[in-house]
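Report on the following structure.
Computed from heavy atoms alone, side chains included, the values below leave out hydrogens, waters and symmetry copies. Just so we're on the same page: letters track the sequence lines, and every chain starts at 1.
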2 protein chains.
Amino acid sequence: MTKLPEAAIPERKRGEGVKFVYEILRDDILNLVLPPGSPIDEIQLSERLSMSRTPIREALVRLAGEGLVTTLPNRSTVVSNIDFLNLHTFFDALTLMYRVTTRLAAEYRTEADLAQIRAHQAAFTRAVEAQDALAMIATNRDLHAAIAEAGRNPYYSSLFSRLLDEGRRILRIYYSSFDDRLPRQYVDEHEDVIAAIEARDIDTADRLITQHADQIVRQIQRMIAEDRRRPLSL
Amino acid sequence: MTKLPEAAIPERKRGEGVKFVYEILRDDILNLVLPPGSPIDEIQLSERLSMSRTPIREALVRLAGEGLVTTLPNRSTVVSNIDFLNLHTFFDALTLMYRVTTRLAAEYRTEADLAQIRAHQAAFTRAVEAQDALAMIATNRDLHAAIAEAGRNPYYSSLFSRLLDEGRRILRIYYSSFDDRLPRQYVDEHEDVIAAIEARDIDTADRLITQHADQIVRQIQRMIAEDRRRPLSL
DNA sequence: TGTATTTTATTTGTCGACAAAAAATTCAGC
DNA sequence: GCTGAATTTTTTGTCGACAAATAAAATACA
């Protein structure tokens with residue numbers, strides 16, 4: 001919040017103001033630079049980014065539509081809370097979308113899709129080797145988003161992206177407790193899934209991604225269970 | 001577009017401006033009063049609703065987030081096209097969401113949920129008896145949205161609502177070709193599904209709603225096939 | 001007459017300002 | 001010293017205006 005030294009005010013063209021502030025806020029929210037519950041002050045933002053409140057408000061409307069911020073009428077907008085009490089709905093939807101998008105990817109993937117997917121998997125592998133937890137979270141998200149894109153169903157892709165973003169926030173809370181074993185296992189699991197997608201083997205891809213999804217859900221649940229402070233609804 | 005006689009300018013409180021214009025535009029889009037491709041003129045709207053462009057733009061950003069309008073940079077916003085070339089992705093997602101939400105409803109429904117669902121089913125029945133195709137489309141949507149609410153998974157509900165809205169636009173195109181047989185059949189199918197939800201019989205509810213969804217998909221496909229002008233991507 | 005180029009007009013994206021609400025503060029009364 | 005009402009301050013929602021960008025019209029030229 002109080003990082004004035006970043007006086008990097010890149011010359012923005014007309015029409016990119018909303019996108020600019022949208023991406024900054026989105027990144028800050030997903031990386032928990034703005035933790036859940038943080039109030040977002042329009043005036044403060046407009047001063048920091050040296051732009052008027054209008055584009056900032058439009059970016060906030062967009063973020064509200066994606067569920068990342070919550071607008072209280074006539075009161076401040078805040079970063080949306082993570083609903084720990086209803087995490088099972090999140091896990092349920094996440095697992096289903098993992099499966100559906102991967103099945104479709106195995107059915108419809110092109111060579112170009114595979115190249116994209118492999119590039120993201122390579123980035124994920126590098127992040128694991130560098131033990132960079134933040135990069136792991138981000139590249140893992142990008143990999144699965146790329147697989148979803150190969151499935152070519154925008155309805156699924158958009159919901160899945162939203163779920164992956166929410167997962168990014170949740171993982172980010174516990175990223176300190178990553179041990180070294182799990183990420184390397186994920187690399188291998190990814191490789192197997194990608195191989196099945198390449199072979200257009202829908203059922204195998206489904207079976208593997210289901211295991212992968214269950215694995216991730218269990219990991220998050222374990223992280224929450226082991227967490228001393230156990231946030232209730234934050 | 002050119003309906004000036006509606007000079008009903010209801011006294012709006014501060015903070016309801018965006019909601020007001022959002023709901024008007026949404027209704028007009030879903031009822032095809034604003035057909036796909038229609039340009040949305042901010043100034044014209046601001047004069048018609050006698051408000052400034054700011055709340056109108058925020059409503060447009062919200063609609064763009066839901067995919068109902070498309071904003072061309074530095075050019076006019078238009079009502080989103082219906083992608084007839086990729087309808088299968090729509091049918092796929094629609095069928096899956098029908099199933100998932102109905103299964104969850106059978107699992108988690110409360111008595112209050114059932115009352116809500118029954119009320120919507122009654123409204124749908126009335127619309128069928130009155131042979132009011134527009135009301136059928138709207139009440140059918142509300143019924144399934146209510147079932148989804150009973151499933152208590154906001155991720156599914158929001159995607160399903162979006163799909164039901166898109167279906168409303170598609171059905172609205174062909175509503176003239178409704179024959180009398182299908183709607184009455186839908187009433188009975190709804191009754192059976194509701195009974196299964198009440199009995200908490202997940203598998204039966206799933207089986208019935210799958211049939212119901214397939215039925216609807218086939219009806220839309222038949223309507224499109226029989227349509228002489230066969231819109232390509234409109 | 002048809003095409004390319006300049007000029008005009010329309011429309012969007014952004015700005016600064018103002019008034020209504022809410023929150024924070026001050027003050028009065030006990 | 002504490003509670004509650006009145007006042008001030010802050011923040012939001014909306015407005016009208018202006019400049020960049022685009023579309024439309026007018027003009028020049030072949």
Side-chain angles (χ1 to χ4, degrees), chain A residues 1-2 4 7-26 28-29 34 37-65 67-81, chain B residues 1-2 4 7-26 28-29 34 37-65 67-81:
Chain A
M1 291 287 266
T2 54
L4 302 168
I9 359 159
E11 279 300 314
R12 275 173 285 98
K13 285 179 217 153
R14 170 197 158 91
E16 294 183 354
V18 177
K19 196 182 161 202
F20 179 69
V21 53
Y22 165 80
E23 287 173 354
I24 285 187
L25 283 176
R26 192 187 127 91
D28 281 358
I29 292 171
L34 294 174
S38 306
I40 297 181
D41 188 332
E42 296 174 6
I43 297 176
Q44 198 172 322
L45 255 177
S46 72
E47 287 171 356
R48 181 149 71 92
L49 305 179
S50 56
M51 55 167 61
S52 109
R53 278 174 50 224
T54 310
I56 289 172
R57 291 191 108 250
E58 293 188 5
L60 288 178
V61 171
R62 210 171 137 189
L63 289 166
L68 290 179
V69 304
T70 308
T71 321
L72 316 177
N74 279 319
R75 216 145 350 126
S76 65
T77 22
V78 297
V79 178
S80 296
N81 288 333
Chain B
M1 290 289 265
T2 56
L4 303 168
I9 358 157
E11 279 299 316
R12 274 172 288 96
K13 284 178 218 154
R14 170 198 159 91
E16 294 182 354
V18 177
K19 196 181 160 200
F20 180 68
V21 53
Y22 166 79
E23 285 172 356
I24 286 185
L25 283 176
R26 192 187 128 91
D28 281 357
I29 291 171
L34 294 174
S38 305
I40 297 180
D41 188 333
E42 297 174 5
I43 297 176
Q44 197 172 322
L45 255 178
S46 73
E47 286 171 357
R48 183 151 72 90
L49 304 180
S50 56
M51 56 168 62
S52 110
R53 279 175 49 225
T54 311
I56 289 172
R57 291 191 109 250
E58 293 188 5
L60 288 178
V61 171
R62 210 172 136 188
L63 289 167
L68 291 178
V69 304
T70 307
T71 319
L72 316 176
N74 279 320
R75 216 148 347 129
S76 65
T77 349
V78 298
V79 177
S80 295
N81 288 334

Measure from CD on B/Glu42 to C1' on D/dT14 and round the result to the nearest Å.
15 Å

Return whichever of A/Pro73 or B/Pro73 has its heavy-atom-nearest nucleotide of DNA chain C closer to the 5' end.
B/Pro73

Kindly indicate whether the side chain of B/Leu45, heavy atoms from C-beta on, has any atom under 4.5 Å from the side chain of B/Ile40.
yes

Separation of A/Ile43 atom CD1 from D/dT11 atom P, in whole Å?
6 Å

Paired with B/Leu63, the side-chain contact (heavy atoms from CB on, under 4.5 Å) test is passed by just one of B/Leu68, B/Thr70, B/Val21, namely B/Leu68

Among D/dT11, C/dT12, C/dA22, the one nearest B/Asp41 by side-chain distance:
C/dT12

What distance do A/Arg53 atom CZ and A/Leu60 atom CG have between them, rounded to the nearest 0.5 Å?
10.0 Å

Options D/dT11, D/dT22, C/dC18, nucleotide nearest the side-chain atoms of A/Arg53:
C/dC18

Starting from P on C/dC15, measure out to CD on A/Glu58 and report it in whole angstrom.
11 Å

Using only side-chain N and O atoms of B/Ser52, determine if any of them is under 4.0 Å from OP1 or OP2 of D/dT14.
no

Please report the distance, rounded to the nearest Å, between CD in B/Glu47 and P in D/dG16.
11 Å

Atom CD of A/Glu58 and atom CD of B/Glu58: how far apart are they, to the nearest 0.5 Å?
6.5 Å

Among the nucleotides D/dG13, D/dT11, C/dT11, whichever has the atom closest to the side chain of A/Arg57 is D/dG13

Stepwise side chain to side chain donor-acceptor pair (under 3.5 Å) test for B/Thr77 and B/Thr71:
CA-CA 4 Å; B/Thr77 349; B/Thr71 319; 5.2 Å; no

Give the rounded distance in Å between these two atoms: CD1 of A/Ile40 and P of D/dT11.
14 Å

Let me spell it out: for each of A/Thr54 and A/Ser76, pick the nucleotide of DNA chain D with the closest heavy atom. Which residue's pick is nearer the 5' end?
A/Ser76

Assert: residue with more 5' nearest nucleotide on DNA chain C, out of A/Met51 and B/Arg75, is B/Arg75

Grab the CD-P distance between A/Gln44 and D/dT10 for me, whole Å please.
13 Å

B/Leu60 atom CG is separated from C/dT12 atom C1', nearest whole Å, by 12 Å

Just how far, in rounded Å, is P of C/dT10 from CG of B/Leu72?
21 Å

